[in-house]
Amino acid sequence: MKRMNGARILENKELVSEIYEMVLFSKEIAAIAKAGQFLNIYCNVPGRILPRPISISQIHREEGTVTIVYSVVGKGTKALSQMVMGEEIQVMGPLGNGFMIQEECAHPIIIGGGIGTPPLLELAKQLQGNVAVYLGFRRNPILVEAFEKIGAKVYVATEDGMDGVKGNVMDILREKNPKVDMVYSCGPKPMLRAIAQWAEEKGVKAQVSMEERMACGIGACVGCTCKTSTDKKQVMNKRVCKDGPVFWSNEVIWHD
Amino acid sequence: MKRMNGARILENKELVSEIYEMVLFSKEIAAIAKAGQFLNIYCNVPGRILPRPISISQIHREEGTVTIVYSVVGKGTKALSQMVMGEEIQVMGPLGNGFMIQEECAHPIIIGGGIGTPPLLELAKQLQGNVAVYLGFRRNPILVEAFEKIGAKVYVATEDGMDGVKGNVMDILREKNPKVDMVYSCGPKPMLRAIAQWAEEKGVKAQVSMEERMACGIGACVGCTCKTSTDKKQVMNKRVCKDGPVFWSNEVIWHD
Amino acid sequence: MTRRNMGVHIAGIQLKNPVMTASGTFGSGREYSEFVDLNQLGAVVVKGVANEPWSGNPTPRIAETYGGMLNSVGLQNPGVEAFIKDDIQFLRQYDTKIIVNIAGRTVADYCKVTEKLGDADIDLIELNISCPNVKAGGVNFGTNPAMVEEVTKAVKKVARQPLIVKLTPNVTDIVEIAKAAVAGGADAISLINTLLGMAIDIHGRKPILANVVGGLSGPAIKPVALRMVYQVANAVQVPIIGMGGIATGEDAIAFMLAGATGVAVGTANFMNPRATMEVLEGIEDYMDQYNIEDIHEIIGKL
Amino acid sequence: MTRRNMGVHIAGIQLKNPVMTASGTFGSGREYSEFVDLNQLGAVVVKGVANEPWSGNPTPRIAETYGGMLNSVGLQNPGVEAFIKDDIQFLRQYDTKIIVNIAGRTVADYCKVTEKLGDADIDLIELNISCPNVKAGGVNFGTNPAMVEEVTKAVKKVARQPLIVKLTPNVTDIVEIAKAAVAGGADAISLINTLLGMAIDIHGRKPILANVVGGLSGPAIKPVALRMVYQVANAVQVPIIGMGGIATGEDAIAFMLAGATGVAVGTANFMNPRATMEVLEGIEDYMDQYNIEDIHEIIGKL
Ligand SMILES: Cc1cc2nc3c(=O)[nH]c(=O)nc-3n(C[C@H](O)[C@H](O)[C@H](O)COP(=O)(O)OP(=O)(O)OC[C@H]3O[C@@H](n4cnc5c(N)ncnc54)[C@H](O)[C@@H]3O)c2cc1C
Ligand SMILES: Cc1cc2nc3c(=O)[nH]c(=O)nc-3n(C[C@H](O)[C@H](O)[C@H](O)COP(=O)(O)OP(=O)(O)OC[C@H]3O[C@@H](n4cnc5c(N)ncnc54)[C@H](O)[C@@H]3O)c2cc1C
Ligand SMILES: Cc1cc2nc3c(=O)[nH]c(=O)nc-3n(C[C@H](O)[C@H](O)[C@H](O)COP(=O)(O)O)c2cc1C
Ligand SMILES: Cc1cc2nc3c(=O)[nH]c(=O)nc-3n(C[C@H](O)[C@H](O)[C@H](O)COP(=O)(O)O)c2cc1C
Ligand code: FES
Ligand code: FES
């Protein structure tokens, strides 16, 4: 029977301004987690009752830990950032389906945008660095070295141009025009939409990891839907939490 | 301008089962507090917004501390009992009027019932132990030694008879029939009502410290009223928090 | 301990205990069956189903508020036929009662789904009247006593299972509405559904919900729910299923003291996937603490 | 910074900023003047006063709930004459507007207290219509459009100060009620008053409030209040004073975006005696953050 777990915080450090990396000790979760899945984290904030969905960024099965990387955007993530080593938090997970790793693809690429980058790190590890990684940030890139350490070639774009190329990740992609037979991506919806279009133009399949406001996180409330269609005719509301968060870019209906 | 203060917890220990004594460091409060006044304590409980009124049990002006003694009865006091040395809590106070110390009275007595006992300790100290103290408890007396240390003569009754006399405090009082020219009391309403009647019979004045469910604690919401009358005709709702908590027993209307 | 009697009757159906799930918060039981043993529940109330599939409202559909949440799911559902095909068999594996919550936009809609459920292996129907009546200019069925009585009567006529009517709290006089439902033939009353609310993203300067307004649920609404259960219990004879912010056994006891025969756990499932079990254990603890052998010693005993 | 314009007009009266106090939560200003500088407030709304002294309900009058509280003070007040004698002079020491909230049990009651305030040195009257109408069998004035229009019209006729009408949220259709108040001559609308609720002491097996039911206020009710402000702002032309759970500048901004010209801080005062000041500072911070020079760039700009 599944359950909520108490997970002990082994580390909680600021990577760049307002973005933290937290290492959680939970053998149960680490044992079964997959790249692209997420956790429901119960933050201890007065009056807040819902859990916060946060993606798994790294899995260390042997150590029994999972890592998350989160941006402080509101009360819940603020409270999370103030927790210290040794404290315990309630976590439910792993949730969702994660990426569908296509071993047969020789030229996979990863595209990450901002706080959508973390879940792609575990994916890159599982692809054994055999992947080109395109990352876009407003400013202050994160996890670039971590991707490089795996052996991946990393291209970075920032809006302010302080790091990497000035511009967005689609600019680099169009410029490099890489050979590609599978796209894995996570980031803000406009970026994912652009990727879907780019992939369609190139005739390549793309996986997109979507975000939506959630309540239950396990498929029961139907709060977090994403409009999809397999044959471009019959619309079907899939649940981001249970049927996703990763979808094929060509099943998502991007314009309502 | 008055304000809420952060008070540091210097000590928080269990006196008897489910009753705690907490020492708070707050120069501002210790400097001006009076016996019988109370504090509004903001407990950190999810979803709870109102402060908890708790009486001041001891004042140490030199050390800049005040002591409170509280019984764990619900979520707020439970949370309080789990706090540890060094933590800070938000406190408003001192509030209310406290006891009216009548220096000219040669034979004052103090009557306390259960968790109404603590505020009488500071009062006894200010009376310099020159007072007879009658305390009643269901079981597990508290603070008896503290009263004795001041030099007061202490009589204890417990319902289970394990400590002191078996019975209630009124039983001892009727038995001892002490010489008395001023009564100071605090405890459950039925006890205070009995004291009011006893005092009237003896023709002696009595001060009673009342309790009522509160919101603001400072007289603004009119939530905590106590029916009073000065001439036994015109009824007036006084505010326990602002006009009390200490009243003259003969101004309180005991039966509605 | 062994002699605790937790069984209650709702509209002639015997539940092994008063704890059920609130419609729309528990899917069709499948998802939470990974966290709790459905055999322990008095009943599972499934999400609202309509005659045809409904696609619901655009996202975002969820907003968090102090002590509560707003939803504007808009009763997305795959339609009653898909429900009958996909979910009943799953639920029947468990020793628990099945209550099907139904939605509609016209009286005829409600009747059609009720008829289709006629041969289905379910125990009770819960009529959700917090839906806009398209034939009456979109006025919510549940806000008008005459409409409440009309739709209840029509559904009751075709229903093969006993009928619970679930009321909306967004009304001036809940007692009048409850009486109308009973006059229409309701065998039991559920209350409350969500309070209409709104949340705003002050930085984006727009409502958080795509639908602008949504239904408020969770601990924040408990006092309103308790008040309505109390008022209605004192005004009608049929059993009441209480809900609105129930998260602990203590909350459930409060509703039962106020007059509820059954209690449903909704939003609390999101706060804690084992909430239903903790509510049940909490009720048992209370009964033990006060030596209560039969749950009926609590119901309405304020 | 120095160019921030925070001034708003409510019913022709200029307030230096939109922040005021909610009636009944701030006494007559005296108690909180020990914690905050009343000169900083746009207005002080004093506790409800009636024609004669009212003794209110028995205690307990207060119960805490998740994210909120219930009160059953029952409008205890010393009567309008005592108020005029004791409180106006105190408040007039400060550079803030005085709004007097009035209560009554009959239309004549309301008119009498309004007349007595005619010569008083106050700025605005706030008519609290969440009172039972004893001449109509105790039905709450504020729940019936015809009664709302009637009492507003009668009070407006005798009022020497501009008239705000404060609505109860315990109604099916708040827009209909607001329109009735405007039709009756309301110069502004306040909303919301408290939601009717209840709390139970499960160990004592009795209601916590001696009055059984009471008014729910605090952060828990904010979504309902925001929704009503938004609905009414889109339906009437008069300015709106929004309240219900406002505890921070962000809460206040949400109400103003929804259409409120003024914002009142109630229960939050009990949570933090400096709440009014923090709300004001929060509004200023938001204006600075987005380079907003005039508060009117926020009002209704959803
Ligand atoms: C599948 C999934 C994976 C995610 N992974 C990450 C991650 O790895 N790192 C990261 O920083 N963020 C991630 N997010 C976004 C993250 O959930 C929100 O930033 C977070 O919930 C905000 O909480 P808060 O209390 O700080 O903000 P508040 O604004 O105070 O939150 C209020 C409410 O809104 C919800 N909410 C607010 N923003 C979002 C959002 N963008 N998406 C979903 N719910 C939201 C919160 O859960 C909460 O219920 C993910 C979201 C989803 C759906
Ligand atoms: C002037 C005054 C002085 C007090 N001094 C002491 C003291 O020195 N030691 C002590 O142990 N207790 C004292 N009390 C009682 C104490 O305030 C309550 O026991 C406490 O508020 C309970 O909080 P809780 O969260 O644990 O209980 P809960 O039951 O969870 O509280 C729920 C709500 O009810 C209120 N409440 C519950 N019981 C009482 C009560 N008996 N009186 C007032 N409000 C109540 C709480 O403040 C809170 O708002 C005093 C009360 C008053 C009015
Ligand atoms: C996400 C969500 C979906 C809901 N869907 C339905 C529904 O389909 N039919 C219905 O009658 N009530 C529905 N409700 C209302 C709940 O069943 C319940 O009446 C309400 O949420 C109050 O209970 P709670 O505070 O325990 O959640 C829904 C509530 C939520 C939060
Ligand atoms: C203790 C208390 C007393 C109140 N008294 C009055 C009153 O006299 N007149 C009135 O119109 N509203 C009264 N109210 C309602 C408030 O003014 C306000 O409308 C309501 O509490 C919602 O705002 P809040 O959530 O910020 O408190 C009272 C509220 C409380 C909590
Ligand atoms: S969050 Fe409930 S279905 Fe996805
Ligand atoms: S608690 Fe508000 S007046 Fe006493």
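Order of the sequence lines fixes the chain letters, A, B, ..., with proteins taken first and strands second; residue numbering starts at 1 for each chain. Computation of the quantities below employed the complete heavy-atom set of this structure, encompassing side-chain atoms and omitting hydrogens, waters and symmetry-equivalent molecules.
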Is it the backbone or the side chain of [X] that comes under 4.5 Å from a heavy atom of chain D, or both, or neither?
X	value
C:Val212	side chain
C:Ala258	both
C:Val171	both
C:Leu226	both
C:Ile202	both
C:Ala199	backbone

Which atoms of D:Leu216 approach chain C - backbone, side chain, both or neither, heavy atom under 4.5 Å
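D:Leu216 touches chain C through side-chain heavy atoms alone.
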For D:Leu70, which atoms come within 4.5 Å of any heavy atom of chain C: side chain, backbone, both, or neither?
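It is the side chain, since no backbone atom gets that close.
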Across chain D and chain C, going purely by atom type as modelled, what donor-acceptor pairs are there at a distance under 3.5 Å?
from	atom 1	to	atom 2	distance (Å)
C:Thr172	N	D:Thr172	OG1	2.9
C:Thr172	OG1	D:Thr172	N	2.9
C:Thr172	OG1	D:Thr172	OG1	3.2
C:Leu196	O	D:Arg227	NE	2.9
C:Leu196	O	D:Arg227	NH2	3.2
C:Met198	N	D:Pro223	O	3.0
C:Ile202	O	D:Tyr286	OH	2.5
C:His203	ND1	D:Tyr290	OH	2.6
C:Arg205	NE	D:Tyr286	OH	3.4
C:Pro223	O	D:Met198	N	3.0
C:Arg227	NE	D:Leu196	O	2.9
C:Arg227	NH2	D:Leu196	O	3.2
C:Tyr286	OH	D:Ile202	O	2.5
C:Tyr286	OH	D:Arg205	NE	3.4
C:Tyr290	OH	D:His203	ND1	2.6

Only counting residues at least two apart or in another chain, list the ones meeting ring pair (Phe, Tyr, Trp, His ring centres under 6.0 Å) with D:Phe270.
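Ring pair (Phe, Tyr, Trp, His ring centres under 6.0 Å) check on D:Phe270 returns nothing, list empty.
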Closest-packed option against chain C by number of heavy-atom pairs under 4.5 Å, given D:Pro219, D:Gly67, D:Gly68
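Of the options given, most contacts go to D:Pro219.
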Do you know which of D:Gly245, D:Ala220, D:Ala225 has the most heavy-atom pairs with chain C at a distance under 4.5 angstrom?
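Highest number of heavy-atom pairs under 4.5 Å: D:Ala220.
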Tell me, out of C:Gly204, C:Ala254, C:Pro169, who's got the most heavy-atom pairs with chain D below 4.5 Å.
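Most pairs with chain D among the choices: C:Ala254.
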